[in-house]
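I have placed the structure first, in the form of structure tokens, so that the comments after it can refer back to it.
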Amino acid sequence: MPEIVPLEWTGDSLRILDQTKLPQEQAVIVARSPNQVVEAIKGMQVRGAPALGVAGAYAMALAVKAVDTLDVPKMQSYLKEMAKQVAEARPTAVNLRWAVERVLRSAMGAHSMADLRTRVDTEAITIHREDVAANRRMGALGAELLPAEGTVMTHCNAGALATAGYGTALGVIRAAWEKSRKLKVIANETRPLLQGARLTAWELVQMGIPTTLVVDSAAGSLIARGEVDCVIVGADRVAANGDTANKIGTYTLAVVAHEKGVPFYVAAPTSTVDMSITTGAGIPIEERPPEEVTEWGGRRIAPKGVGVRNPAFDVTPARYITAIITEKGIVRPPYEEGLRQVMEGGGA
Ligand code: MRU
């Protein structure tokens, strides 16, 4: 099966598969400066929490290359400023902040510019590699939770495109499907930017997994009618108590799944867990431009003068989540204890 490569580091540029053009066109943006990466993040050309982290790490590596100085403290203070700018490009996905801070920490220990350059490049490449490995591990662990035969619903895109490769929730689906080849997937289209219709459906069709696309407003009724055996989604940030931010619409699915006794799983690497936030109430929710709701394909679909709210994410309370699949183990309620264990290095 050909692997989807959302991000490719060449040593002096970051090649970004432009997700706004998929599935019609596989166009690549070549970013040679940190600002170009920030623009690609804001413009959703690269998206999905772990992919944002990897892109952010390479933005830091590009920042080092953009400034010609032999003054290490000067470079370090420039990188501090750059880390802030990159992290703020999209505020909900904690992977972005996590990755830039990790690269920054590696730079802070440098004793020469040559050392700093090596450290920053190495750290960004390590973050990239670790994410693919984490996804494969989550796939193997999470596949045990999915039924051998049946229908799995997913929301937004938590596939290879949203990560460094392989995917979180879609990685679990892929691993489970490779075992039995009897799973089917319902992909929710995911308004307003249609990550489910454009990206998840594209990935699943390429993998040969039988997939049915539904509009978001059909999802709840399909769960209620017994047509869904479990729901699995990715995450943009998991608070210390297990409350989970993910694409808008996830909360509604979790409530319906809970009401109908359908398991609801979250697949998220530990880079998505934010132990500094005790509950979901502390997770910042990104509000995106109103045009994403009032327009489609550059064409106005709502009357001028209408008010718009466009929160990109919602928070699902931990009590609706059956289990959180991380690369270090499957965490079940009560999440405070299990998440602490995986974050401290051990398994759950
Ligand atoms: O706004 P997006 O497309 O970046 O939102 C992405 C999601 O909500 C994903 O479900 C989440 O980042 C997990 S990706 C493995």
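Read the numbers this way: they start at 1 and go in the same order the structure lists the ligands and their atoms.
Counting heavy atoms only, D236 comes closest to atom 8 (O) of ligand 1 of the residues D236, V46, L194, T250. Proximity annotation for atom 14 (S) of ligand 1: of G234, A160, A93, A162, A162 comes nearest, heavy atoms only. The option with the heavy atom closest to atom 1 (O) of ligand 1, from among H155, Q19, K247, is K247.
Using a 4.0 Å cut-off between charged nitrogen and carboxylate oxygen, E101 and K84 do not count as a salt-bridge pair. Checked for salt-bridge contact, D274 and R97 meet the test: a charged N lies under 4.0 Å from a carboxylate O. Taking 4.0 Å as the cut-off between side-chain N and carboxylate O, D115 and R119 count as a salt-bridged pair. With salt bridges taken as basic N to acidic carboxylate O contacts below 4.0 Å, none links R340 and E336. Salt bridge R191/E292: absent, no basic N to carboxylate O contact under 4.0 Å.
Counting heavy atoms under 4.0 Å from ligand 1, residue N157 touches it through the backbone alone. Heavy atoms of A235 found under 4.0 angstrom from ligand 1 belong exclusively to the backbone. With a 4.0 Å cut-off on non-hydrogen atoms, A158 touches ligand 1 through its backbone as well as its side chain.
The nearest heavy-atom contact from the protein to atom 3 (O) of ligand 1 is R47 NE, 2.5 Å. In terms of protein heavy atoms, atom 10 (O) of ligand 1 is closest to N246 OD1, 2.6 Å. Counting only heavy atoms of the protein, atom 15 (C) of ligand 1 lies nearest to T168 OG1, 3.0 Å. Nearest protein neighbour of atom 4 (O) of ligand 1, counting heavy atoms only, is R90 NH1, 2.8 Å.
Between H128 and Y58, the two ring planes are perpendicular [angle over 60°; tilted spans 30° to 60°].
Applying the 4.0 Å criterion to heavy atoms of P50 picks out, from ligand 1, the atoms 14 (S), 15 (C).
The salt bridge (charged side-chain N to carboxylate O under 4.0 Å, His left out) test with E130 is passed by exactly one of R136, R137, R102, K328: R102.
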